[in-house]
Amino acid sequence: MSLGARLKLEREKKGWSQIDVAEKIGITNAVLSNYERDYRDPDTQNLTKLADLYQVSTDYLLGRIQVPTPNQNDTFGAGWTDEEKEIATATVEAYRKKKKEIEQKGKVKGTT
């Protein structure tokens with residue numbers, strides 16, 4: 001899998017748009033789009049920002065390893081059991097789904 005494909009996959013896992021990610025790391029969504037389509041490679045500073053944002057290692061993004069190992073700077077949940085991680089992940093996914101539904105309803109109401 002290419003760098004661009006991994007960047008897109010990790011962004012989609014978080015439920016973020018290209019605009020969301022671009023704003024978070026200080027680039028334009030056009031630049032991020034070029035990264036995700038493998039038209040350009042991020043410089044080391046932006047690669048590091050993306051890895052931190054997605055909470056994965058730069059080695060994973062670069063394809064040097066196949067498993068998205070957590071960034072060593074991220075200690076959140078470090079002592080959790082597998083069951084606790086599954087519960088936390090399910091809870092966050094449910095929250096994101098509900099938030100997206102609410103946002104969509106707000107957009108529909110705002111246009112009528």
Side-chain angles (χ1 to χ4, degrees):
M1 183 182 302
S2 70
L3 169 61
R6 288 176 194 264
L7 291 172
K8 183 176 181 179
L9 174 69
E10 293 304 315
R11 176 178 58 78
E12 290 175 342
K13 280 184 187 178
K14 299 285 188 186
W16 293 332
S17 70
Q18 286 183 338
I19 293 170
D20 294 333
V21 172
E23 288 175 355
K24 289 176 189 293
I25 67 165
I27 60 174
T28 66
N29 67 304
V31 169
L32 181 61
S33 177
N34 285 333
Y35 294 164
E36 289 186 0
R37 292 182 294 158
D38 290 312
Y39 292 170
R40 288 184 53 195
D41 287 336
D43 60 26
T44 54
Q45 183 179 11
N46 284 334
L47 181 66
T48 301
K49 287 179 184 179
L50 288 161
D52 289 346
L53 182 65
Y54 296 145
Q55 299 177 338
V56 298
S57 69
T58 54
D59 279 349
Y60 166 72
L61 291 178
L62 293 170
R64 296 184 64 195
I65 59 175
Q66 300 307 309
V67 179
T69 57
N71 182 322
Q72 297 302 314
N73 295 328
D74 181 21
T75 58
F76 181 78
W80 294 3
T81 66
D82 288 342
E83 181 182 12
E84 290 168 331
K85 290 176 185 177
E86 288 176 20
I87 292 168
T89 299
T91 303
V92 170
E93 287 173 1
Y95 165 78
R96 288 179 180 156
K97 182 178 179 183
K98 188 66 173 176
K99 182 180 175 188
K100 192 171 188 174
E101 289 172 4
I102 291 168
E103 289 172 350
Q104 291 299 323
K105 286 180 184 177
K107 289 179 183 177
V108 172
K109 285 183 181 178
T111 60
T112 58

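Just so it is clear, the structure is predicted and the values come from calculations on it, not from any experiment.
When every heavy atom of L50 is checked against every heavy atom of L32, the shortest pair comes out as CD2-CD1, 4.3 Å. Of all heavy-atom pairs spanning G63 and Q66, the tightest one is O-NE2, 3.4 Å. Considering every non-hydrogen atom in both G4 and D38, the closest pair reads N-OD1, 2.8 Å.
When each of R6, R11, K8 is checked for a salt bridge (charged side-chain N to carboxylate O under 4.0 Å, His left out) with E36, only R11 meets the rule.
Inter-residue side-chain proximity for K24 and W16 is flagged as met; some heavy-atom pair is nearer than 4.5 Å. K99 places a side-chain heavy atom less than 4.5 Å from the side chain of E103. Under the 4.5 Å side-chain criterion, counting only non-hydrogen atoms from C-beta, I27 is not in contact with K49.
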Pair up each side-chain donor or acceptor in residues 40-47 with any protein partner under 3.5 Å, not counting sequence neighbours, and list the distances.
unit_1 : atom_1 : unit_2 : atom_2 : d
D43    : OD1    : Q45    : N      : 3.2
D43    : OD1    : N46    : N      : 2.7
N46    : ND2    : Y35    : OH     : 3.3

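Note that CD1 of I25 and OH of Y54 are 7.0 Å apart. Values are rounded to the nearest 0.5 Å.
The number of heavy-atom neighbours closer than 6.0 Å to NZ of K13, taken from other residues, nucleotides and ligands shown, is above 12.
Applying the side-chain contact (heavy atoms from CB on, under 4.5 Å) criterion to E83, with sequence neighbours excluded, gives T81, I87.
By the criterion of side-chain heavy atoms lying less than 4.5 angstrom apart, applied directly or through intervening Ile, Leu, Val, Met, Phe, Trp or Tyr residues, V31 is not grouped with I19; the two fall into different hydrophobic clusters.
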Inset, instruction - Evaluate side-chain contact (heavy atoms from CB on, under 4.5 Å) for Q55 paired with E10, printing each intermediate quantity in order. - result: CA-CA 9 Å; Q55 299 177 338; E10 293 304 315; over 6 Å; no

